[in-house]
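To start, the structure itself, in structure tokens.
Proteins get letters first, then strands, A, B, ... in listed order; numbering begins at 1 in each. In this text the structure is predicted, and so the values were computed from the model without any measurement.
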2 protein chains.
Amino acid sequence: MTTIKDIARRANVSDATVSRVINNSPNVKPQTREKVNKAIEELNYYPNSLARGMRSKKTHSIGLLLADITNPFYAETAKTIIERAGNHGYSIILCTTNNDISEQQKYIDVLLQRKVDGFIFASVHWKDPSLSAVIEAGLPYVLYNRKTSAYKRSNYVVLDNELGAYLAVEHLYKLGHRRIALIRGPHTFSTGKERSNGYLKALKEFGLSHDEKLIVQGKYSGKESYDSAMKLFNSNKPPTAIFASNDLMALRAYDAALFCGLSVPRDVALVGFDDIEIASHRAIGLTTVSQNRNLMAEIALDTLRKIIENESPQEPAQVVLKPMLTVRETCGSQMKKI
Amino acid sequence: MTTIKDIARRANVSDATVSRVINNSPNVKPQTREKVNKAIEELNYYPNSLARGMRSKKTHSIGLLLADITNPFYAETAKTIIERAGNHGYSIILCTTNNDISEQQKYIDVLLQRKVDGFIFASVHWKDPSLSAVIEAGLPYVLYNRKTSAYKRSNYVVLDNELGAYLAVEHLYKLGHRRIALIRGPHTFSTGKERSNGYLKALKEFGLSHDEKLIVQGKYSGKESYDSAMKLFNSNKPPTAIFASNDLMALRAYDAALFCGLSVPRDVALVGFDDIEIASHRAIGLTTVSQNRNLMAEIALDTLRKIIENESPQEPAQVVLKPMLTVRETCGSQMKKI
DNA sequence: TTGTACGCGTTATCAT
DNA sequence: ATGATAACGCGTACAA
């Protein structure tokens, strides 16, 4: 293993000078710089990040915590973050929590030991004690997608989920639907709770009765929402439309509908949330609430970078993005006969 | 920041003893151990991974290089690797190369600086000079999914891609198809080349003529294969069936078919490769070549761990998994009239 | 502009 | 079973 000392010897300078060259210090004579660079080339030297991190207290690494990388929403935002981070000299240590708060806790501890420069969370629970370790350590962090109950003191970039859900239900209402079901996400996450709120708000505004039998539970991944949709279809008064708290859940409901011999949208209309890539496939054509994932991810990363690099404890950056409804085939375009 | 020294003082022992406790050395009196643990608790101490890595020459981190995390195949294998690695005390630094060899080179350099204990590659090109830096550094690495031309000297776990493609074409042939097109993946990857070979082998075996007009080019992600499929459909002698080199490409072809007003499978049959989750959705029902992704990912990680932890330069672990054809709806079940 | 010398936090070696 | 000390590779005050 070749170190800074080897380069120093080879170039007939001191370690300090080599260090200066590596770190682009202005105070080094062009000739010396060249001598050193030549030695670096010849010996195929590259600096040791561990040693640099120890001295400089900066590792140029960031912990990224996601619920589930197989969910396209997370995969796409992770891609954006990883690439953008790489362009700025940061590496991403990726952890997937499966929405398990104790797993998240463990990962946080590990990342703290590894001296990451900061955290990006897309995985937080509404009540999330695991963040306190990060706060105690004084490390910067940014939330995206979800926020915690302590959001007022955090940096975050989220969607106006309530509005998104409202738009979805409004669309269904205007198409003539009156029995609109909700497959809700877990209320232990801000997204789940807020989207449910948007659904309820729309119901209220349009004078629709709040029927508990039309609200079923789902998880963001896994097949629980398939079963929940089945329950809906098999009830004695099935809904004519379903709003699901994310696209994966809507897709499961779609699958269940087909299993029941139901036609979408003729027998049941469907709206999802996220606008994942497959939603636009012509065999699916899922009407859904779109959000600008990439922008969200970019803002999250850039915010964190700014905090890391400025050090100054500035006021929290809190961004709320606006959703859009993307209309495709799963709701049809005709008025429903009431 | 509390260090080992603080603990030592607090517990009235030496740094060395604290270190022994942390590392579960057997040579420490139970009472002392307890004293130390108490101090650790009280001062909320956790060790610094950078310092440990410097001394012990082990960082318990692994570089994982993927082409594209938004491809479900990679997302699912990454999930498996991350979780399994976490359970064994390893962190994963994830890098996405976009199939760009110079990006990969850059990431490798960064990971070398970071002193990862080893590499897992799912992103290699058939001719891939970027790996030489890893080899020179003497670091262990394992390939999965794809291999390089130097595979005989590598550890790898891959699928029998040729067999997979053969099974796909065989299925189509037995259903009566005689004009079977191929949307091939890039031949710069072993997967692309091998799957094309399987296609050709089947053609030959069944006495079908090798028609260059039936072979079009695609990339594993992006929409190039949509355009390629369009070319196929708009030709003067369109195929009655298409085999695509992965599911994402097959899905694009499906989309193109629907755009052209073609019915799947009535007008054109479709087979993909990978069996990603959405393939089994009832609105899609993609017939495809299945592979045991999780097993592949597990073997890749476990192999690497074994090498890292044994240190002994054992002989390469080389595993070739067998594919299976999963028949769904996109080929129909009836014989094609010839 | 360059060099000297120390310290970051830990583990390994050698004593005791 | 425990302690003293050196060393890992680098950056940075300070001196020259």
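- Distance from the side chain of B:A51 is smallest for C:dT10 among the nucleotides C:dG3, C:dT2, C:dT10.
- The aromatic rings of A:F121 and A:Y141 lie perpendicular to each other, with more than 60° between the two planes, well past the 30° mark.
- Closest-nucleotide positions on DNA chain D for B:V13 and A:S56 were compared, and the one nearer the 5' end corresponds to B:V13.
- Applying the 3.5 Å distance criterion, the base of C:dT10 shares no donor-acceptor pair with the side chain of B:R52.
- Between B:N23 and C:dT11 there is a side-chain polar atom (N or O) within less than 4.0 angstrom of OP1 or OP2.
- The outermost nucleotides of DNA chain D lying under 4.0 Å from heavy atoms of chain B, listed 5' to 3', are D:dA1 to D:dG9.
- Using bins of under 30°, 30° to 60° and over 60° for the plane-to-plane angle, the ring pair A:H125/A:F189 lands in the perpendicular bin.
- Using a 4.0 Å heavy-atom cutoff across all strands shown, B:K57 reaches sugar-phosphate atoms only and no base atom.
- The residue B:N48 sits close only to the backbone: its heavy atoms come under 4.0 Å of sugar-phosphate atoms, none of a base.
- Residues B:I101 and B:K127 fail the side-chain proximity criterion, which asks for heavy atoms closer than 4.5 Å.
- The side chain to side chain donor-acceptor pair (under 3.5 Å) contacts involving residues 46-55 of chain A comprise A:N23-A:R52, where partners must be two or more places apart or lie in separate chains.
- Remark: the A:R20 side chain and the C:dG3 base include a donor-acceptor N/O pair separated by less than 3.5 Å.
- Between A:Y151 and A:Y156, the ring planes are perpendicular. Angles over 60° get that label, and only those under 30° would be called parallel.
- Proximity of A:S14 to the phosphate of C:dT2: no side-chain N or O atom is located under 4.0 Å from OP1 or OP2.
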